[in-house]
Undergrad: 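Here you go, one structure.
Worth saying up front: this structure is predicted, and the values here are computed from it rather than measured. Chain naming here is simple, since letters A, B, ... match the order of the sequence lines and numbering starts at 1 in each.
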4 protein chains.
Amino acid sequence: MPKLKPATQFARREHILDAAEQCIAREGFHRTTMHDICRAAGVSAGALYVYFASKEDLIAGICERDRAKLAGELTQLADAPDLVSALGKLAQHYAVDQPVYKRLIVLEMGIESTRNPAIASIFRSVDQFVIESFAKLFERARQQGRIAPHLDTQTLARVVATIGDGMFWRRAIDPTHNPQSLVTVLLGVISTLLNPTQPLHHPAPVGTPMKALT
Amino acid sequence: MPKLKPATQFARREHILDAAEQCIAREGFHRTTMHDICRAAGVSAGALYVYFASKEDLIAGICERDRAKLAGELTQLADAPDLVSALGKLAQHYAVDQPVYKRLIVLEMGIESTRNPAIASIFRSVDQFVIESFAKLFERARQQGRIAPHLDTQTLARVVATIGDGMFWRRAIDPTHNPQSLVTVLLGVISTLLNPTQPLHHPAPVGTPMKALT
Amino acid sequence: MPKLKPATQFARREHILDAAEQCIAREGFHRTTMHDICRAAGVSAGALYVYFASKEDLIAGICERDRAKLAGELTQLADAPDLVSALGKLAQHYAVDQPVYKRLIVLEMGIESTRNPAIASIFRSVDQFVIESFAKLFERARQQGRIAPHLDTQTLARVVATIGDGMFWRRAIDPTHNPQSLVTVLLGVISTLLNPTQPLHHPAPVGTPMKALT
Amino acid sequence: MPKLKPATQFARREHILDAAEQCIAREGFHRTTMHDICRAAGVSAGALYVYFASKEDLIAGICERDRAKLAGELTQLADAPDLVSALGKLAQHYAVDQPVYKRLIVLEMGIESTRNPAIASIFRSVDQFVIESFAKLFERARQQGRIAPHLDTQTLARVVATIGDGMFWRRAIDPTHNPQSLVTVLLGVISTLLNPTQPLHHPAPVGTPMKALT
DNA sequence: TATGAATGAGGATTCATTCAT
DNA sequence: TATGAATGAATCCTCATTCAT
């Protein structure tokens, strides 16, 4: 048989990853069976193994794709003129707009990263990249006099990342959670950390969907 | 053997739960086999099933015990004279001193709560109890003039819980994480939220082990 | 401890056998667990094993008791003045009055006898005894001129036994079955086989409970 | 493998059913393990579960196949010109020629039907069909003047079925049993019941193998 | 004797992966 | 490439039996 066009191959792989994400959000990595994924993707077991060497590999594929997307979006953040509003858009996207099932996948990934070296490598490198990006962002802003934090920018980055983690966790795990109001408050907190002289709790308005990141 | 003394039965149950926690922290709920747990507890399969009706039941037992302990500790918090230092001790315990494997169990629980109604019931009721406790605590402190937050105490409670979630997540997931410094900063943030007029970043010193809660 | 009085021992054994019969009628030999029987008898596992060395032994005990009773009742039959009415009482007892669960036990026994040598020995010896008893009964009646069958009495005995088997089977297996009417007809059939000259289908009336056999 | 041809699938299913029947005749439904059946069929556990969803399902499959065959053969009986000889062929097949293990399966089925609703439904519907078929057969023969029974045809049908049950039971359970002679006698009995005026015990000769039904 | 907790081999079933077609 | 039947080790759980108390 003639080799499939790379574009078709890529599309099929993506399709399988999409189906797998749905299954995994519903059941978790380890209760999702390859057969579940085959059914969800409308693909035979044999076909699935053309695109992924193993279940491990498929899970890694999901993580890689998700984290690459996050990393890409962070890169765009570097050019943002208004730091706080850029962070607001990011928060809006990841802690409000994005469907819960995408958040659940990230939790699965995080936990898996404590056990699975392949996932750990993907997950941690992106996590460090995120923090480094924040740190650079903050450092540049500080040098340009746009922010004047009391904390060093490394710590600041870690604080912001941790607050983000909290929002993501709660978004995924708490069905009674109202993300919007919380995001507003926490963005205010971050804003104050960046510029302690500014009055507390008058955060830049958020809520504009982050088109570019969807 | 005649009927075991309730104390012995309880101790044996606890022993199994301890062993199961170790396994689950290492492998997760679904990759941990009953056989693993038997081996870790030094107990036969049959004996294990004397104390737990099923794997589900054992998992629920772990969650219940863990959450009951948390709820108990929160109850003690109500009598704390100094709110911020009490929160500091709590944070110190859960985000710094407690071994990482205990934190991983909580992550497992949270994720499981999105899929397993029995776990959901345990997890969410305690989660709500935590937030309610915070809210009451803050409300009382506010009425006594010990704090003067801009936010309503309900929102404040949810913000504090979310920041806590972030610390717990990072403690569990990030091996490069230095919890102590982060806790100090975030406690400062909370302190400022409670009393916006106070200067930022001079939080009450933390680091004293939380004896009463261990 | 002082040895239990033999009467008490016997009573306890009987009690366990009764409980076991109930369980086995409900679930069959192999789906009945020793634990089921313990619960039904209100006896601990250890106690049960005082009276029966194994599950095999308990099953054999049930069979032995049941078959001994049957053999005993057949022995009484030997003295019956009216052959047909005596057979009628027997049929009435075993194919009409006796509770279905007792019949089910006999089916279990029969099947078990095809696989389990211990049961086979018990079951077959009594089965042969039954047929031999019938044969002798018939032979004596024939010699006394009370019956005048065309068939030899050995064959006659086997025919009667087989017809009995059919009634017992149907009684146990068919919930829509009306045993009374069938017994009447089949007793007529047997009556005719014994005395072909007598008019067909005016069997001796049956229906009187067989007190002595209960 | 691409999708197996339905014929192949059917054949493989039949093969498993055959193997399972052998095992079950030897050990009974509940002492036969799926592994036994796999070994007997030369098939892996996974393969077996392609064809049967569970042990229950496999047992139901055995019952269904067996009972469907019986029902089919009864249907053919409807066209028989000579009623007694047709019944003779049936008896010959089921109570003489058919291997004992097939008979044991039916006993297993019957007992299982008292506990397992799925089996009960299969077993009882065919049992009723058998009796109804007999009743119709007898009723037609009576209307055509070919028989002149004293009993109503419904009762007659139940009597004949019960006598059949007796023969089947004995064939399965009694290794000393000589089915041929008994069948001859009992067929004579039935013949007399159908036509009480005819002389007793000169039944139509039986013994010709029932080609069409094998 | 009696208790019932404990043992551990064994049973039904699942599922990642392979491979003949 | 794609199919899906087949493999078989691994999983959860049961249960006849034992034995320390």
Undergrad: Does D:Gln9 have a side-chain nitrogen or oxygen under 4.0 Å from the phosphate oxygens OP1 or OP2 of F:dG4?
TA: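 Answer is no, no contact under 4.0 Å.
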
Undergrad: Starting from the 5' end of DNA chain E, give me the residue, C:Val50 or B:Ala47, whose nearest nucleotide shows up first.
TA: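 Comparing both residues, the 5'-ward one is C:Val50.
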
Undergrad: Atom CZ of B:Phe52 to atom C1' of F:dC12: distance rounded to whole Å?
TA: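 B:Phe52 atom CZ is separated from F:dC12 atom C1' by 16 Å.
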
Undergrad: Both distances under 3.5 Å, Watson-Crick or G-U wobble: report the partner of E:dC15, or none.
TA: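 Result: F:dG8.
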
Undergrad: What is the base-pairing partner of E:dT3, counting Watson-Crick and G-U wobble geometry with both distances under 3.5 Å?
TA: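 E:dT3 is paired, partner F:dA20.
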
Undergrad: With rounding to the nearest 0.5 Å, note down the distance linking CD in D:Glu21 to CG in D:Leu104.
TA: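 So the gap between those two atoms works out to 11.0 Å.
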
Undergrad: Specify the residue among C:Thr32 and B:Thr33 whose closest nucleotide of DNA chain F lies further upstream toward the 5′ end.
TA: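 First, find each residue's nearest nucleotide; the 5'-ward one identifies B:Thr33.
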
Undergrad: Mind running side chain to side chain contact (heavy atoms under 4.5 Å, CB included) on C:Ile111 and C:Phe29 for me, showing each step along the way?
TA: CA-CA 10 Å; C:Ile111 294 197; C:Phe29 283 148; over 6 Å; no

Undergrad: Rounded to whole Å, how long is the line connecting atom NE2 of D:His30 with atom P of E:dA12?
TA: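 To the nearest whole Å, that distance equals 11 Å.
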
Undergrad: So if I take every side-chain heavy atom of D:Ala45 and compare against E:dG8, E:dT13, F:dT18, which nucleotide ends up nearest?
TA: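 Out of E:dG8, E:dT13, F:dT18, the nucleotide with an atom closest to D:Ala45's side chain is E:dT13.
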
Undergrad: Return the 5'-most residue of the pair B:Tyr49, D:Val43 with respect to DNA chain F, ranking by each residue's nearest nucleotide.
TA: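 Here D:Val43 is the residue nearer the 5' end.
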
Undergrad: Would you say C:Tyr51 places a side-chain N or O within less than 4.0 Å of OP1 or OP2 belonging to E:dA2?
TA: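 For E:dA2, OP1/OP2 do have a side-chain N/O of C:Tyr51 under 4.0 Å.
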
Undergrad: Rounded to whole angstroms, how far apart are CD on C:Glu56 and P on F:dC15?
TA: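 Roughly 17 Å, once rounded to whole Å.
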
Undergrad: Give me the distance, rounded to whole Å, that separates F:dT21 from E:dT1 when you measure between the C1' atoms they each carry.
TA: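 It comes out at 13 Å once rounded to the nearest Å.
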
Undergrad: Could you give the CD1-to-C1' distance, from C:Ile59 to F:dT17, as a whole number of Å?
TA: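 It is 15 Å, rounded to the nearest whole Å.
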
Undergrad: Take atom CG of B:Asp57 and atom P of F:dC12, then tell me their distance rounded to the nearest Å.
TA: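 One finds 14 Å between P of F:dC12 and CG of B:Asp57, rounded.
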
Undergrad: Before accepting this row, confirm whether a basic side-chain N of the pair B:Asp66/B:Lys69 lies closer than 4.0 Å to the acidic partner's carboxylate O.
TA: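 Here B:Asp66 does not pair with B:Lys69 in a salt bridge, since their nearest N and O are not under 4.0 Å apart.
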
Undergrad: Salt bridge check: are C:Asp36 and C:Arg39 linked by an N-O gap of less than 4.0 Å?
TA: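 Counted as a salt bridge, because a side-chain N and a carboxylate O are separated by less than 4.0 Å.
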
Undergrad: Decide, yes or no, whether a salt bridge links C:Asp18 with C:Arg65 under the criterion of side-chain N to carboxylate O below 4.0 Å.
TA: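 Result for this pair is yes, salt bridge flagged.
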
Undergrad: For the pair made of CG in D:Leu58 and C1' in E:dT13, what is the distance, rounded to whole Å?
TA: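 Answer to the nearest Å: 13 Å.
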
Undergrad: Between D:Phe29 and D:Gly46, just flag the one whose closest nucleotide in DNA chain E comes earlier from the 5' side.
TA: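 On the 5' side of the pair lies D:Phe29.
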
Undergrad: Please pick, from F:dA5, F:dT3, F:dA16, the nucleotide with the shortest atom-to-atom distance to any side-chain atom of C:Met34.
TA: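 When the side chain of C:Met34 is considered, F:dA16 is the closest of F:dA5, F:dT3, F:dA16.
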
Undergrad: Expressed in angstrom and rounded to an integer, what is the separation of C:Asp36 atom CG from F:dA16 atom C1'?
TA: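 Interatomic distance, CG of C:Asp36 to C1' of F:dA16: 12 Å.
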
Undergrad: Between D:Leu48 (CG) and E:dG11 (C1'), how many Å, whole number?
TA: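 It works out to 14 Å between those atoms.
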
Undergrad: Nearest to the A:Ser44 side chain among F:dT3, F:dC13, F:dA9, which nucleotide is it?
TA: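 Looking only at heavy atoms from C-beta outward on A:Ser44, the closest nucleotide is F:dT3.
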
Undergrad: Can you tell me which nucleotide in E:dA12, E:dT17, F:dT14 comes closest to the side chain of D:Lys55?
TA: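 My answer, after comparing the listed nucleotides, is E:dA12.
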
Undergrad: Should the pair B:Arg115-A:Glu108 be classified as a salt bridge under the 4.0 Å nitrogen-to-oxygen rule?
TA: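 So B:Arg115 pairs with A:Glu108 through a salt bridge.
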
Undergrad: Can you tell which of E:dG4, E:dT13, E:dT7 lies closest to the side chain of B:Lys3?
TA: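 Among E:dG4, E:dT13, E:dT7, the one nearest the side chain of B:Lys3 is E:dG4.
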
